[in-house]
There are 2 protein chains.
Amino acid sequence: MTDEPVVTVTIKDVARLAGVSPASVSRALADPRQVRPGTRERVHRAAAALGYHPNQAARALTTGRTRTIGLVVPDITNPIFSTIFQAVQGRARQSGYSVLLVDTGEDPATEVDLVRTLARQVDGFLLCSPRAAQEDLDPFLRATAVVTINHRGRRVPCVTSDNTDGARQAAEHLLALGHRRLAYVAGPAASSDNRERLRGLRTAVAAAGAELTDFTAVSPTYDGGTAAADLVLATSATAVIAFNDVIALGLLNRFTARGIGVPQQISLVGFDDIPFAAMTNPPLTSVAVAKQQIGRTAVDFLLDLLDGRQRSGGSRLMLPTHLIVRGSTGAAPATFAD
Amino acid sequence: MTDEPVVTVTIKDVARLAGVSPASVSRALADPRQVRPGTRERVHRAAAALGYHPNQAARALTTGRTRTIGLVVPDITNPIFSTIFQAVQGRARQSGYSVLLVDTGEDPATEVDLVRTLARQVDGFLLCSPRAAQEDLDPFLRATAVVTINHRGRRVPCVTSDNTDGARQAAEHLLALGHRRLAYVAGPAASSDNRERLRGLRTAVAAAGAELTDFTAVSPTYDGGTAAADLVLATSATAVIAFNDVIALGLLNRFTARGIGVPQQISLVGFDDIPFAAMTNPPLTSVAVAKQQIGRTAVDFLLDLLDGRQRSGGSRLMLPTHLIVRGSTGAAPATFAD
DNA sequence: CCGATGTTTGGAACCGATTTCAGTTGCGTT
DNA sequence: AACGCAACTGAAATCGGTTCCAAACATCGG
């Protein structure tokens, strides 16, 4: 109807058109109960007519809130993180927040650097699977609200998955299939997910009197997986658990290329249950985590923190995991004695 | 060394410590040539000691620049877009810009809505594979700088891929393998990529006197692909080209589930060459696009626009594509006459 | 009808930077 | 030593909102 403004329309323009002061415009828009119905009406009409949208920078300056949250992930091309991003964005938007996505490229130094420079631009951070040491991040986080995802920090709200139990499920599944020698292709040492997964495996494997070897992948990526494949094959393991699905896909690809049958000769389990896990041949058995809920809850925790709300039970949540059995796991091959 | 500030440190704090005015601090930090070496030195020392980082909101208010760019994508879980994000973030960071990522969920209405509400918070947008109609977006973009990716707009800078040629390469590859009946599983109608790919196919197929059927996938996703698979099988096509790799993976999965041999019974080609394309069984033949360069160039174009620079040759770039032949394409099956 | 109370409202201060403008300083000339 | 010019610096205005404060107004009870 009216022409869209080419120049920016400010609160003063609205005030002038509505015949009130800027203060009243601000009030009418922020909390309608503070002004008389008639005034409110005129202000809203004027704002709509001019297509007024408050300047976020100006608002941020007085309120100290940017209405932006930073989501820090190691690698957005890993579907686990892009899925979490979607959940985070969805929930954030409901509360009028935007999401500044930060990809650290799996590099702890970059992570620290980016967090430092962005700390003033966001109201809070969602640190997803941080790779940097807690103490390197701490200084910058003192002034900024933080919720960690996939990482149990000391006094920081966090939402995590029950990795230990997920690992247990994976191990017991394999043990039940007759596997006695398992291998774990680990992820980043700084990842608490990784430590917990390893711990879960160790416990279950030890309880069954079986054997577990572990390697650390050069990186938690597809290439890291292909590179680790030969190391795994050099052991006599009949089943491999990978730190995540992306590594598992790398392993699978190299195994197939080497003519090693999966699961005939070696069984394979991943973590995260990314969509692609179901698309491979054979489809990948994987430990599913509640990606959507992780993202949503993390935002809720962060907003609680920002608004000074307290959670009964504290802002710490551990979500259950569950094993999804697909075609990449099968009975242990018959071996020549043992 | 010094304690990190718990309260925010402003330009005044630095000024006081350095014994100069806030104005000089601003100058010393923004453009060192404007102040005397001695002053500059004291200011820098003071800023470092206090761990001063300028408040972006305050800066944005005066300068009118937020130093943030918005990257709008249909679906960040599609690796093509997450890879582009990484390239964009990398280049943006070099110039001191942050990236606000916006996932529209493939929905044109959401896209328009998000662009509208965020237009004031970013210096410019990178519209990646927009699904909304140009005229719906236009009003908001009049006031904001825009570069489109994978979309040729009328008077908007853009960086695209040579889809027509990529499609031609794919078609000719298949024709050379003896296929005479091809099918195209299309993407969103609003996508100019889609239109160009279809056009490229039509031209090449027509020139060879072969046949092309096309369907539109319900959505350019894995599920869209699996759903389209049966439609494709209902035709007598011996080769399928999918709008993108994600659809192709869905097709592949359903074909395999139906016991249809790829490429023995049907050949399959995707677009984008996402990393997962190489991991499937058989690995997917795909038309590669220059994801990294697309992202980088788009940022360059946008920054040029923001800084009022002119590009010789205009800010329009079309990058070459090339077919990567893998295992999902093979000779057309021998048919009972034809 | 008046004072007390409560609700609306506008003026002005403020958030933390940048930038204009004018004043000060330093330096090279003559 | 005085002058002019350039380089440097600080005070103050400004960006566009929010919010405190006090004034204006309306409402109510006595």
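Treat the numbers as computed from the prediction; the structure is a model and nothing was measured. Just so we're on the same page: letters track the sequence lines, and every chain starts at 1.
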**Report entry** A:Ser21 vs B:His53, nearer the 5' end of DNA chain C by closest nucleotide
**Finding:** A:Ser21
Query raised in the report: Hey, is the main chain of B:Thr104 close enough, under 3.5 Å, to the side chain of B:Asp107 for a donor-acceptor pair?
Result: no
Report task. Please tell me if the side chains of B:Asp300 and B:Arg91 come closer than 4.5 Å, counting only heavy atoms from C-beta onward. Result -> yes
Query - B:Leu61 CG - C:dT18 P separation (whole Å) - result: 11 Å
Report task. Assign B:Val20 to base, sugar-phosphate, or nothing according to its heavy-atom contacts below 4.0 angstrom with the strands shown. Result -> sugar-phosphate
Report task. Using modelled atom types only, decide if a donor and an acceptor are shared between the side chain of A:Arg131 and the backbone of A:Glu106 within a distance under 3.5 Å. Result -> no
Report task. Could you check how far CZ of B:Arg65 sits from P of C:dT19, rounded to whole Å? Result -> 11 Å
Query raised in the report: Heavy atoms under 4.0 Å, any strand shown: does B:Arg33 hit a base, just sugar-phosphate, or nothing?
Result: sugar-phosphate
Query raised in the report: Hey, does the side-chain of A:Arg27 have a donor or acceptor N/O within less than 3.5 Å of a partner on the base of C:dG10?
Result: yes
Report task. Starting from P on C:dT18, measure out to CG on B:Asp31 and report it in whole angstrom. Result -> 12 Å
Requested in this report: Mind calculating the distance between CD (A:Gln56) and C1' (C:dC15) to the nearest angstrom?
Outcome: 15 Å
**Report entry** First encountered from the 5' end of DNA chain C, between A:Ala23 and A:Pro37
**Finding:** A:Pro37
Report task. Taking only the side-chain heavy atoms of B:Thr62 (C-beta and beyond), determine which of C:dT9, C:dA17, C:dT19 contains the nearest atom. Result -> C:dA17
**Report entry** Between P of C:dG11 and CD1 of A:Ile11, the distance in whole Å
**Finding:** 14 Å
Requested in this report: Report the distance from atom CG of B:Asn55 to atom C1' of C:dC14, rounded to the nearest whole Å.
Outcome: 13 Å
Requested in this report: Could you check how far CZ of A:Arg36 sits from P of C:dG6, rounded to whole Å?
Outcome: 19 Å
Report task. Would you check if the side chain of A:Asp123 reaches a backbone N or O of A:Ile69 as a donor-acceptor pair within less than 3.5 Å? Result -> no
Requested in this report: Nearest 0.5 Å please: distance from the CZ atom of B:Arg93 over to the CG atom of A:Asp103.
Outcome: 11.0 Å
Query raised in the report: Are side-chain heavy atoms of B:Leu137 and B:Leu127 found at a separation under 4.5 Å?
Result: yes
Query - DNA chain D: 5'-most and 3'-most nucleotides touching chain A, 4.0 angstrom heavy-atom criterion - result: D:dG16 to D:dC20
Query raised in the report: For C:dT18, does OP1 or OP2 lie under 4.0 Å from any side-chain N or O of B:Ser26?
Result: yes
Requested in this report: Respond yes when some side-chain nitrogen or oxygen of B:Tyr52 is under 4.0 Å from OP1 or OP2 of C:dG16, and no when none is.
Outcome: no
**Report entry** Cationic N near anionic O, under 4.0 Å, B:Arg65 to B:Asp307
**Finding:** yes
Query raised in the report: B:Ala58 or B:Arg42: which one's nearest nucleotide on DNA chain D is closer to the 5' end?
Result: B:Arg42
